[in-house]
Amino acid sequence: MKIIICGCGRIGYPVIRDLLEEGHQLTVIDENQRAINDIQNTFDVMTLCGNCATASALRDAAVDKADLLIALTAKDEINLLSCMTSHSINPKIHTIARIRNPEYIEQVASMQKLTGLSMIINPEQSVADEIYKLLKMPGFMRRETFARGQVEIVELKADRGSPLCGLALNQLAGTIKCKVLVCAIVREGTCLIPKGNHTIQEGDRIYVTAPSDSLAILLKNLNITTHRVKDCMIIGGGRISYYLGQRLINSGIKVKIIEQSEETSQLIMTQLPRCTVVHEDPQDQEQLIKEGIESFDSLVTLTGQDSVNAITSLFGASLGIPTIVTKFDQMSSSQLLGKLPLGSIVRPQDLAGNAIERFVRAMQNQTGAAVAVHTIADGLAEALEFEVDENTLHKDEPFRSFKLRAHTLIACVTSGYTTEIPNGDSKFSLGDTIVVVTNQAGSVTQLNDIFM
Amino acid sequence: MNFKMIGRFISYVILIEAGFMLFPFVLAIADGDDTAIFGFGITILGAVLLGLLVLLLCKKAPIHFYESEGFVCVGISWIVLSLIGCVPFILSKDIPNFFDAFFEMVSGFTTTGASVIPNVELCTRATLLWRSLSNWVGGMGILVFMLAILPAGRSNRGFTMHLMRAESPGPSVGKLVPRMRQTALILYTIYLVITILNVIALLFTGLSFFESICGAMSTAGTGGFGVKADSFAGFPASTQIVTTVFMLVYGVNFSVYYLLLIGKISSVLRDAELRLYISTYLIATALITINLFRSSLFATFGETLRHAAFQVSSIMSTTGFATTDFDTWPALSKGILLILMVFGACAGSTAGGMKMARILIYVKSMARNIRHSLHPSKVSAVRINGSPISDTVITTSNAYLVAYVAMIILSFLLVSIDGLSVETNISAVLATSNNIGPGLAAVGPNANYAAYSSFSKVIFCIDMLAGRLEIFPILVLFSRTTWSRKA
């Protein structure tokens, strides 16, 4: 497909990477010449320096022949105008806009005819949702949902003393007394797709597929104490904090927000009247102590600076706060991050990319294409959800009778309301949902690609 | 410096060259020409083995590939290309001396068309075809060809831009469509189609099939290797007129043809570079015609116009064909031709020289500087086609100008050692570094470069490569940081 992407910042970059991997033709527009040059030198795309809301720039980008426009700049107004302009030039175009200001979201629906909007991306809200999920089930570092919410892939860390350490995967079921499957292991910055005889080592982060209803049992049998989060300290009072604070308060969790800027703290105080908002520099640890940081059972660091987030989370960990979530905008070295006690790590850019990729796949509507793609293991592996259709090979054959390609496994098979963690005798049939995990990003686009 | 990745691209280039050599090889078999069969056969075999060996050695290459790698890769590729390409000449004994053969091949791939062969009509047909084919491949570029046939990559193929930028002429190189492979394919398709039209046109003017193919390929690359000793003088007037038009056509930026294809005619008509190119051509032709007619070198006005139009087209597009010995022309006409040698044709074409786009930038930025000194607080930009040109483009264009002038001065000094006349030396340096071919006096259209020593020929080879690749890819090869392990 011919796709125009407006804005190539933090959110745009991974989107460009993923869509290219899927084989689309991209034209990228950005006002920043340096950013545009970087993109031009990294990716095989066409680039254009200009204002993406102007008809002339959009015409230069051949908007009349494009199938989709994705507006991802930091300004909602520019994004909306860009969608409207391109829609007026090319009424058949689909548009996706990144909209951050919640006040706009309500009116967007009525503007659908003008903008041709097919989807709204709100990375801040997605991040807040993600963090909320993690706080509801502390112990998991990350959760990804599949098959209409029936299956999840969760991230666990094999800390010192955990019963997971030194355990071979084929003994796992015996230890934790419920049916799960380890579908990926991240060890020292690389991701491996394990076989039954692999052993979990201390420091590994493992990705486990399990039916949603057995998650609680899994935690219990791993001796991970899951005290319910009762209160939460949020560092930084930006938009993510607003969305997260709102959800936490609605579910009865006490929230204290520390914000450095007076203006922002005023704003979030008016938006979230039931939160305690403190205007204080989070880099001043003394002040955090004064605000009683030790007494909180969860800490979420959401400032705009990765370094402040990292240091505050490390400080929280040193005080023994059990549940910590750290947001990173730029840092991506999983080799470095994996070694530090930063708790769960969320990256806004990954979330937006996943949602857009899913939409584009649905737009193409290829038979056999994945209905959902989730990036897991710090982007080192992909979990893809497929529907079994008429063209799928090896239907109703036991798994032991055919071979999958290397570094690929079937994590689960869901038919109707039952989810099965597969073994050699399992089979799938028409209409089932399958989740496939591979660390060869981009190698699997159709379900039949996974077979040898 | 990621030499493994560079090595991998070079191995592809070697294999592609071996593939192109199959054409003269097949012709040699058809002609039953034993020395040519031997020469090309051995070279193809050797090149394939060498290519596979390099490919094997560079199997596990790290992915990072930046500007400097692009320059080095293109620079080395072109030298390797010429080194391998000249082997058949030596083996088939058409050009027994290594330096002569290497000069001939560099001249071919850089689309210069300067020759050391005293009488090309004595060469085998396979050799002639290979000379013309080298013009054709060199015109659009071998790495662009590689990008066109290399399987579509996954994501991080942005580095292909570095290769295209280093190989394609012009101050700012861009893509036509988002994917590099598609862009390269479009360029080569347009190129091939125009070449085929050229072959057909030449056939209609009464040339033999072989002459048409070779002539069209040499014209297409704006190379100028002929199959006749007297270049185009012996061909009928219709052939000369057809070639005049086609040389002009190849001197136009190929993205113009793409814009025509997708129906953006108005932006083509408004293109400043194209306008400058056409008007320079018309003015130069008019001046030379008047100058020649007044000195009554030719019998009729029509004949004068025909020769002037052909010669201006040939020099501006940096092809270097000749219909007459322009060395006997009056000084004004020769002067205009020398200046046109430096100007060249449009960026993004197969022509050499400084390119009209740069001339535009120089003239406009000079005008801005003058305006600025009169009115220091005025804010202004250099605009081409209405949009401002970034300062980086102006800076690199200026750097190019400095390097270009330095190269010409230095080469002029070095080739002067051989003791030929100043007119010969200066025109020879200009004709090689702008990829034209024939110069004036002892290197005029009826003479060749055989009079120069081997040392001078090597200097000319460097000039030709630097001229075709716009200096920097060759210049970085002389930089110590390129070869040091760090950085």
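Residue numbers start from 1 in every chain, and the chains themselves are labelled A, B, ... in the order their sequence lines are given, proteins ahead of strands.
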Which answer fits B:Ile262, side chain, backbone, both or neither, if we ask what part of it has an atom under 4.5 Å from a heavy atom of chain A? neither
Determine whether A:Leu20 and B:Arg179 make a side-chain contact, defined as any pair of heavy atoms from C-beta on separated by less than 4.5 Å. yes
Please report the interatomic distance OH(B:Tyr66) to OG1(A:Thr42), rounded to the nearest 0.5 Å. 8.5 Å
Below 4.5 Å, heavy atoms only, C-beta onward: do B:Thr183 and A:Met46 meet side chain to side chain? no
A:Asp44 side chain reached by B:Gln182 side chain, heavy atoms, under 4.5 Å: no
Is it the case that more than 12 heavy atoms not belonging to B:Lys364 sit under 6.0 Å from its NZ atom? yes
What residues of residues 23-33 of chain A make heavy-atom contacts with chain B at a cutoff under 4.5 angstrom? A:Gly23, A:His24, A:Gln25, A:Leu26, A:Thr27
When rounded to the nearest 0.5 angstrom, what distance separates CE in B:Met161 from CG in A:Asn41? 8.0 Å
Not counting sequence neighbours, which residues clear side-chain hydrogen bond (donor to acceptor under 3.5 Å, both in side chains) with A:His94? List them please. A:Ser118
